[in-house]
Protein chains: 2
Amino acid sequence: MTDPGTTMPANRPRRGRPPTSPLTPALILETARALVEREGPDALTLRRLGTELGSNHTAVLRHFTGKDEIVLGLAEQLIEEALAGFVPREDWRDTLTALARRVRTACLAHPAVAVLVATRVSRRAAEFRGADTVIGALRQAGFGELDAARYYRVLADTVLAVSSYEASVTVLDDEARRGDRMAWQREYLAVSPVRYPHLAAVAGHLAAIDAEDQFETVLELLLDAVELRALRAARER
Amino acid sequence: MTDPGTTMPANRPRRGRPPTSPLTPALILETARALVEREGPDALTLRRLGTELGSNHTAVLRHFTGKDEIVLGLAEQLIEEALAGFVPREDWRDTLTALARRVRTACLAHPAVAVLVATRVSRRAAEFRGADTVIGALRQAGFGELDAARYYRVLADTVLAVSSYEASVTVLDDEARRGDRMAWQREYLAVSPVRYPHLAAVAGHLAAIDAEDQFETVLELLLDAVELRALRAARER
DNA sequence: ACCTGAACACCGTTCAAGT
DNA sequence: ACCTGAACACCGTTCAAGT
C-alpha cells in the first residue's frame, strides 16, 4: 500500500528513517498486526517489529512495557473490530447469534492474531459493551440475574473458545501445510472397520463437514437449550 | 531430593551422568511433562530438557526430529491419559458426559501441557477410540450416519476447545498471578451502571461462578439440544 | 549407533550513552 | 523525552568430531 499523502507533508513513516519517526502506540500496534497477519504468530518479534518500523528494536519498549503488552493491545484491537458498530436486534436470540458470528468472523479474519491472543486474552478484553449486550439479551429472554450471569459466561467463553480453536486450526493448516489436516482425513478413511466400526461407518462424512456449518450448529444447539430454559424460567415466575 | 536408592544399584538416572544414559523417547517425554508441569509451558526448552536429563541439549534430537515432535508426543500422552480404561456406559448420554468430563479432568490435571498442546493438537491426536465411542453413542441415540458425524465433530471440538480454554486461564492465573483475574473482577464490579446497566446489575454474581459448574452447564446445554434432535430424528424414521 | 561441543542465526530485556 | 547500541542471558538446529 502506498502512502495516502495527507495534507501535512511531514510525518511519513518510510523504512529506516530515524529523523522524525512518529512511533506511536497505534502505529506500533498496526505494524505488529500487519506483520502477524503476513507471516504468522511466530513472526512477532521485537527485532522484526523494529526493522518493520525502521527503528531500533528496543524503541518500542518506550511505548509498551514489553512484548506481552503488545499482544494484549492486539487482543483489544480484535475485540474492538468484532464489536464495532454493533446494535442489538429486537429479538434476544437474534442479538446473541449476530454477536457470536461477529466474534468468529473477526477471529477468522485475523487467525494468526487470534491464536497469539487466545491464551493471553483473559476476560478483561471481552469488553464491557459486549458483556452488557449479552446479559441484556438474556434478561430479555426471561432469566433472573444469577442465571443471566451464568449463561453469559457459558455462552461468551464457549464462543471465544470455539472461535480461537478454529483459528488455530486455520493457522496450522496454513503454516504446516505439509498436510497435517489431510493426514488425519486419510487416516480416518483407512481406519480398521473391525476395531472401530462406528468410526469406519461414518468416516466418509467426516471430511465433508463445513467449518461454518459446524459453528452454526454449536450456536444453534446452545441457543436451543438456553431458549428452552428461558421458557421454563418464565413459566415458573 | 536425595536418591531413593532402589534395590537394583545399576540404572539410576542421576543428574549429569553420561556413562549409561538410557535416553529413550518415553523417558524424554516423561521428563518433558514433569518439567512443563513444574515450571510452566515456557520452560520446555531443549536446553533445559537436556540438563534435566543429564545430557547434551542436542541429544534428544536423536529421538525426536525437533521440539515440535516432542510437543506432539505430549499431546498424545494427554489424550491417552484421558481415555485410559474408559468403557462406554449403557446410556448414550452417560457415555458422552463421562467422556467429556475425562477430557476436561486430564486438561486441568496438566494445564500447562494442555496449553502447550492446544494450538498444536490437530485432530489426529483425538484418537480413533474416542471418536469411535462418541459416534457409537450418537448412533445409539438414533442419528443417521451423517448426523452422527456432524454431532461428533461438534461435541468433540467444543469439549476440547472449552477444556483447553479453561486450562489456559488456569495457567495464566498461576504464572501471572499479579492479579489479571482479580483485576477484571474488580473492574466488573466498578462498572458504570448508566452505561452498562445489565452488566452492573449482575456483576456481583459473575465472580461467584464456579468453573466446574460452568463446564457442566455447557455440557448439559449441548446434550439437551442433541437429545431433542435425536428424538426428532427417531420419530421421522 | 549414539552422543558431544562448537557454531550459527536468532530471541527479550536492561542500561549507559547520546541528542 | 525519546532513541541508539552494546551487552547479557537465553533460544532451536546443524554438523563435524568423538567413542
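Here is the naming used below: chain letters follow the sequence lines, and residue numbers restart at 1 for every chain.
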Which residue lies toward the 5' end of DNA chain C, A/Leu46 or A/Arg62, if each is placed at its nearest nucleotide?
A/Leu46
I need the CG-P distance between B/Asn56 and D/dA17, as an integer number of Å.
17 Å
Hey, does the side chain of B/His57 reach the backbone of B/Leu49 with a donor-acceptor pair shorter than 3.5 angstrom?
no
In whole angstroms, the gap separating C1' of C/dT13 from NE2 of A/His63 amounts to 17 Å
Using a 3.5 Å distance criterion without hydrogens, assess whether the side chain of A/Thr158 forms a donor-acceptor pair with backbone atoms of A/Leu155.
no
Consider the side chain of A/Leu61, meaning its heavy atoms from C-beta on, and name the nucleotide among C/dT4, C/dC11, C/dT13 that approaches it most closely.
C/dT13
Secondary structure of DNA chain C in dot-bracket form (Watson-Crick or G-U wobble, distances below 3.5 Å, | marking inter-strand pairs)
||.|||||...|||||.||
What integer number of Å spans the P atoms of C/dA9 and D/dA9?
22 Å
Using atom CG of B/Leu49 as one end and atom C1' of C/dT4 as the other, report the distance to the nearest whole Å.
16 Å
Could you tell me whether A/Leu44 contacts a base, only the sugar-phosphate backbone, or nothing, with contacts defined as non-hydrogen atoms closer than 4.0 Å?
sugar-phosphate
Atom CZ of A/Phe64 and atom P of D/dC3: how far apart are they, to the nearest Å?
12 Å
Expressed as a whole number of angstroms, how long is the span from B/Lys67:NZ to D/dC10:P?
15 Å
May I ask you to verify whether the side chain of B/His57 and the base of D/dT13 hold a donor-acceptor pair under 3.5 Å?
yes
Protein-nucleotide distance (B/Asp42, atom CG; D/dG12, atom P), rounded to Å
11 Å
Counting N and O atoms only, with roles assigned by atom type, does the side chain of B/Arg102 sit under 3.5 Å from a partner on the main chain of B/Ala82, one being a donor and the other an acceptor?
yes
Sidechain N-carboxylate O distance under 4.0 Å for A/Arg195, B/Asp132
no
Figure out the CZ/P separation between A/Arg47 and C/dC10, and round it to whole Å.
10 Å
Determine whether any donor atom in the side chain of A/Thr45 lies under 3.5 Å from an acceptor atom in the base of C/dG12, or the reverse, and answer yes or no.
no
Is A/Arg33 paired with A/Glu81 through a side-chain N to carboxylate O contact shorter than 4.0 Å?
yes
Between D/dC11, D/dT14, C/dT14, which one does the side chain of A/Thr58 approach most closely?
C/dT14
Does A/Ala32 offer a backbone N or O that forms a donor-acceptor pair with the side chain of A/Glu52 under 3.5 Å?
no
Could you state the atom-to-atom distance from CD1 of A/Ile28 to C1' of D/dC2 in whole Å?
12 Å
Cationic N near anionic O, under 4.0 Å, B/Glu212 to B/Arg101
no
